[in-house]
Amino acid sequence: MRVDVFTQVPHAFGWLTEQKPLATVLGSELELRFLNYRDTTPLRSGQVDDDPYGGGAGMVLRVDVVDAALEAAYGGDRPARIVALTPQGRSLDQAMVEELAQESELALLSSRFEGFDDRIVSHLATDAVSIGPYVLSGGELPAMVVLDAIARRLPGALAEGSGEHESFSAELDGGLEYPHYTRPAAYRGWEVPDVLLSGDHARIDRWRRDQSRSRSLA
Ligand code: ADE
């Protein structure tokens, strides 16, 4: 799939793209582009934001600037999903991640300052997504969260399982989780569940399934 991230701070994504799972899928399953609103703004001196009508603190990302960025990237052929990252959006969950990971093309719009001119969200974007009920200083961290969550759902992103739990790893990677333990088997009296030391992979599989079910219901 191709993901285009519209941002004023493309360099903020450097770390993420060097890490797994992004690094693993980049150039194969994932094509990633960073597009800076400043490069395509119709305004002078790279201006992208403005004072809010009605007054108030902070600056607002302009609708004409975002439209120009989309026009430069796509012309009339815009991706089916254009996601604005905003705390007012729909809460990101694993189901939405799975849904977005199915797209062949995706655009993520981030903003800094006080956020978007609302017409960006209502007319230019197809989706508004929040990564949680708190307000961050910009959409870059939320865009990274979405990117990471999508990248690990792409084919080849995750290392193959050791073989023990491959029978249901796809289901687990889809969002369910079971508890993990490693050496030592006992530490300060805190013991690893016996079943994991049993070597009985069918039993281990069953136990992990039960654990992830009870966790997902919690
Ligand atoms: N921009 C600022 N805060 C945000 C949040 N919680 N989710 C998505 N985008 C945001």
Side-chain angles (χ1 to χ4, degrees), residues 1-17 19 21-22 25 30 32-41 43 46-70 73-74 78-103 105-154 157 174-175 177:
M1 79 184 288
R2 196 187 71 221
V3 182
D4 295 329
V5 182
F6 292 79
T7 170
Q8 280 168 266
V9 271
H11 59 271
F13 293 80
W15 168 83
L16 183 72
T17 56
Q19 308 296 313
L22 251 298
V25 289
L30 179 66
L32 195 52
R33 297 195 299 181
F34 295 99
L35 301 144
N36 194 330
Y37 301 115
R38 286 189 196 286
D39 294 340
T40 49
T41 179
L43 308 175
Q47 184 189 346
V48 297
D49 58 334
D50 225 324
D51 304 314
Y53 278 124
M59 302 289 267
V60 174
L61 186 62
R62 287 177 55 134
V63 63
D64 50 352
V65 167
V66 174
D67 201 24
L70 292 170
Y74 309 116
R78 299 189 178 184
R81 304 292 286 270
I82 300 179
V83 174
L85 281 322
T86 161
Q88 282 86 42
R90 178 179 150 207
S91 285
L92 184 71
D93 59 12
Q94 193 63 33
M96 199 194 308
V97 170
E98 303 297 332
E99 192 186 302
L100 295 175
Q102 301 302 314
E103 296 291 334
E105 271 183 74
L106 181 67
L108 301 177
L109 306 179
S110 47
S111 71
R112 297 210 64 79
F113 337 111
E114 292 306 301
F116 298 102
D117 180 306
D118 211 65
R119 291 167 292 183
I120 297 167
V121 179
S122 41
H123 298 291
L124 297 180
T126 60
D127 297 77
V129 169
S130 162
I131 62 158
Y134 40 80
V135 181
L136 299 168
S137 315
E140 282 73 26
L141 289 170
M144 287 190 219
V145 167
V146 173
L147 272 177
D148 182 278
I150 288 177
R152 60 192 301 291
R153 299 307 300 143
L154 298 178
E177 260 301 353

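Atoms within a ligand are numbered from 1 in the order they appear, just like the ligands themselves. Counting from 1, the numbers follow the sequence of the chain as shown. All figures in this text were calculated on a predicted structure; none of them were measured in a lab.
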Short side-chain donor-acceptor distance under 3.5 Å, Glu98 and Gln94: yes
Should Asp67 and Arg78 count as an ion pair when the cut-off is N to O under 4.0 Å?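 Judged by the 4.0 Å cut-off on N to carboxylate O distance, Asp67 and Arg78 do form a salt bridge.
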Given the rule in the side chain to side chain contact (heavy atoms under 4.5 Å, CB included) test, do Leu147 and Phe13 qualify, once you have shown the distances and angles that lead to the verdict? CA-CA 10 Å; Leu147 272 177; Phe13 293 80; 4.1 Å; yes
With a 4.0 Å heavy-atom cut-off, what residues sit around ligand 1? Leu85, Thr86, Pro87, Val129, Ser130, Ile131, Gly132, Tyr134, Val135, Leu136, Gly138, Pro142
Quick one, Ile150 and Val146 - any side-chain contact, counting heavy atoms below 4.5 Å?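 Counting from C-beta outward, Ile150 and Val146 do come under 4.5 Å.
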Would you check if Ile82 and Leu124 make a side-chain contact, meaning some heavy-atom pair closer than 4.5 Å? no
From CA spacing to verdict: side chain to side chain contact (heavy atoms under 4.5 Å, CB included), Val9, His11: CA-CA 5 Å; Val9 271; His11 59 271; 3.9 Å; yes
